[in-house]
2 protein chains.
Amino acid sequence: MSSNALSGEIADRPARVSGIDKIERRRIALAESALKTLGELGYARTSLREIANNSEFTHGVVHYYFRDKIDLISYCVRYYKTKCAKRYDEVVETAATADELGAGFLAKMTQTLVEETPMHRLWYDLRAQSMFEEQLRPDVVAIDQLLEAMIWRILSRYAELVGGEPAVDAPTAYALVDGLFEQAVVGYAADPEGVTDRLVARVSQVLPKLITT
Amino acid sequence: MSSNALSGEIADRPARVSGIDKIERRRIALAESALKTLGELGYARTSLREIANNSEFTHGVVHYYFRDKIDLISYCVRYYKTKCAKRYDEVVETAATADELGAGFLAKMTQTLVEETPMHRLWYDLRAQSMFEEQLRPDVVAIDQLLEAMIWRILSRYAELVGGEPAVDAPTAYALVDGLFEQAVVGYAADPEGVTDRLVARVSQVLPKLITT
DNA sequence: GACTTTGTTTGACACTTGTCAAGAAATCTC
DNA sequence: GAGATTTCTTGACAAGTGTCAAACAAAGTC
């Protein structure tokens, strides 16, 4: 029962501050290791034991820090979320021209596609799973909103630099760009050859059409 | 071993034509039942026993007609494929004006979203799974191409009726429309309220931008 | 009607899964 | 350093999985 009290939202009165810090550190280490395995195998094929095996911990530890599987996955997703949505912020802030913004965006986009393929695969997997597993939905919705806001920042800044207005609203813009990106992720899993080039070509073809000058 | 010979591509010399017909009929019946369960539970959570339980057959029969689980799923996907890509053909052929085509397309699109939600959920699930399960890839690629061609038929006919040219190539157009549709499918699973209306608004907002007049 | 082929049921197998609990080890507290 | 608390290991459990094979039923063949 003590494990239960610890594993949910931190509602307990912890004895020492350094204690809950250590717990949080362990959870993060577990989550990072779990994310590696999840990205490799996907949600369905990843068991708690597999996660433990690919880490420096035993499978009992996993259950000591997380109530159950969903709790772990959910934690992983929330942890992942904090990293992924700030990817383009620097580009948006530093770019002085529309072309510079477009180029920077595309560069970062292909970079993350190549360097963090497993994470993107996992994300699309989890989003699909959320249609069947209700408990995943809140986290998926939150990330989707984060990504939508991110795309919107890029598009509206792009419009600003080009001296126009976005021609579509935020959800539409996100769905369009996400469609292109998911196509690239799926294609990259099957055969990486030329995928990034095609993605760049398509996005830069579409982006101007989403602006009214 | 006889089951093995039968379950792959039909490479055997069948004794009687009526025999292989009956086999094919059983396989189709199994596939239809399996698709119902798969659409409800998703790929990961669907076991052969669950499929058998939700059908009039026992779990042994499943294995009699299909070599293994992947063989069954693969057959289901190919069977599903034959149904889904012709959905809009009638609209394309009969529509006399661009508006009529657009309206017909949107109507069919929302109709299939609502009436065949489980199938669409399954499709996006399977496409995500194909990133992890290599054996699923050929079928997924085939369906993706079919859908891409379908969207392309609509878009080029639309351009023709409006007296212009498609402004993007087929894969791009497919990715864009698919992004909007997937967003609707995921959103529909979470909360159906107003999803179709938003989908219609977004698609009809985007479609004209994909044409140069 | 006996015999062979085809189809189906049933029960079993080896294995993996999430979950848990009892106890060992490490850490902290005084 | 003794005692209490936290952390971790280990082994077990019940349930569920894909797969298969042997017994049984049905249908077709001569």
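Per chain, numbering begins at 1; letters A, B, ... match sequence-line order. Please read these numbers as outputs of a predicted model, since none were measured by experiment.
We find that CD of A:Glu56 is positioned 10 Å from P of D:dC8, with the value rounded to whole Å. In this structure, CZ of B:Arg25 is placed 13 Å from P of C:dT8, rounded to the nearest angstrom. If you take CD1 of B:Ile51 and P of D:dG18, they are 8 Å apart, rounded to a whole angstrom. In this structure, A:Tyr65 places its OH atom 18 Å from P of C:dT19, rounding to the nearest Å. For A:His59 and C:dT19, the NE2 to P distance is 12 Å, given to the nearest whole Å. What separates CD1 of A:Ile23 from P of C:dA26 is a distance of 19 Å, to the nearest Å. Here the C1' atom of nucleotide D:dT19 and the CD1 atom of B:Ile73 are 15 Å apart, to the nearest Å. When the C1' atom of D:dT5 is taken as reference, atom NZ of A:Lys22 falls 11 Å away, rounded to whole Å.
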Throw together a table of side-chain donor-acceptor distances under 3.5 angstrom for residues 187-203 of chain B, partners on residues two or more places apart or in other chains.
from: B:Asp191; atom 1: OD1; to: B:Glu193; atom 2: N; distance (Å): 3.3
from: B:Arg198; atom 1: NH2; to: B:Glu193; atom 2: O; distance (Å): 3.4
from: B:Arg202; atom 1: NH1; to: B:Gln183; atom 2: OE1; distance (Å): 3.0

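Along DNA chain C, the nucleotide nearest to A:Glu50 and the one nearest to A:Gly60 differ in position, and the one closer to the 5' end is contacted by A:Glu50.
Using a 4.0 Å cutoff on non-hydrogen atoms, the parts of residues 39-49 of chain B near DNA chain C are B:Arg49, ordered by number.
Other residues, nucleotides and ligands contribute more than 12 heavy atoms inside 6.0 Å of the NZ atom of B:Lys209.
Put simply, B:Arg26 has a side-chain N or O that comes within less than 4.0 Å of OP1 or OP2 on C:dT8. Phosphate contact (OP1/OP2 of D:dT7, side-chain N/O of A:Tyr64, threshold under 4.0 Å): present.
In this structure, A:Arg27 forms a cation-pi arrangement with A:Tyr75, its terminal cationic atom sitting closer than 6.0 Å to the ring centre and no more than 45° off the ring axis.
Using a 3.5 Å distance cut-off with no hydrogens or angles, the side chains of B:Thr112 and B:Arg87 do pair a donor with an acceptor. Looking at A:Tyr124 and A:Asp178, their side chains do bring a donor and an acceptor atom within 3.5 Å of each other.
Screening B:Ile143, B:Asp139, B:Val140, B:Val141 against B:Arg127 for a side-chain contact (heavy atoms from CB on, under 4.5 Å) leaves a single residue, B:Val140.
Residues A:Met109 and A:Leu113 form no side-chain contact, since every pair of their non-hydrogen atoms from C-beta on lies 4.5 Å or further apart.
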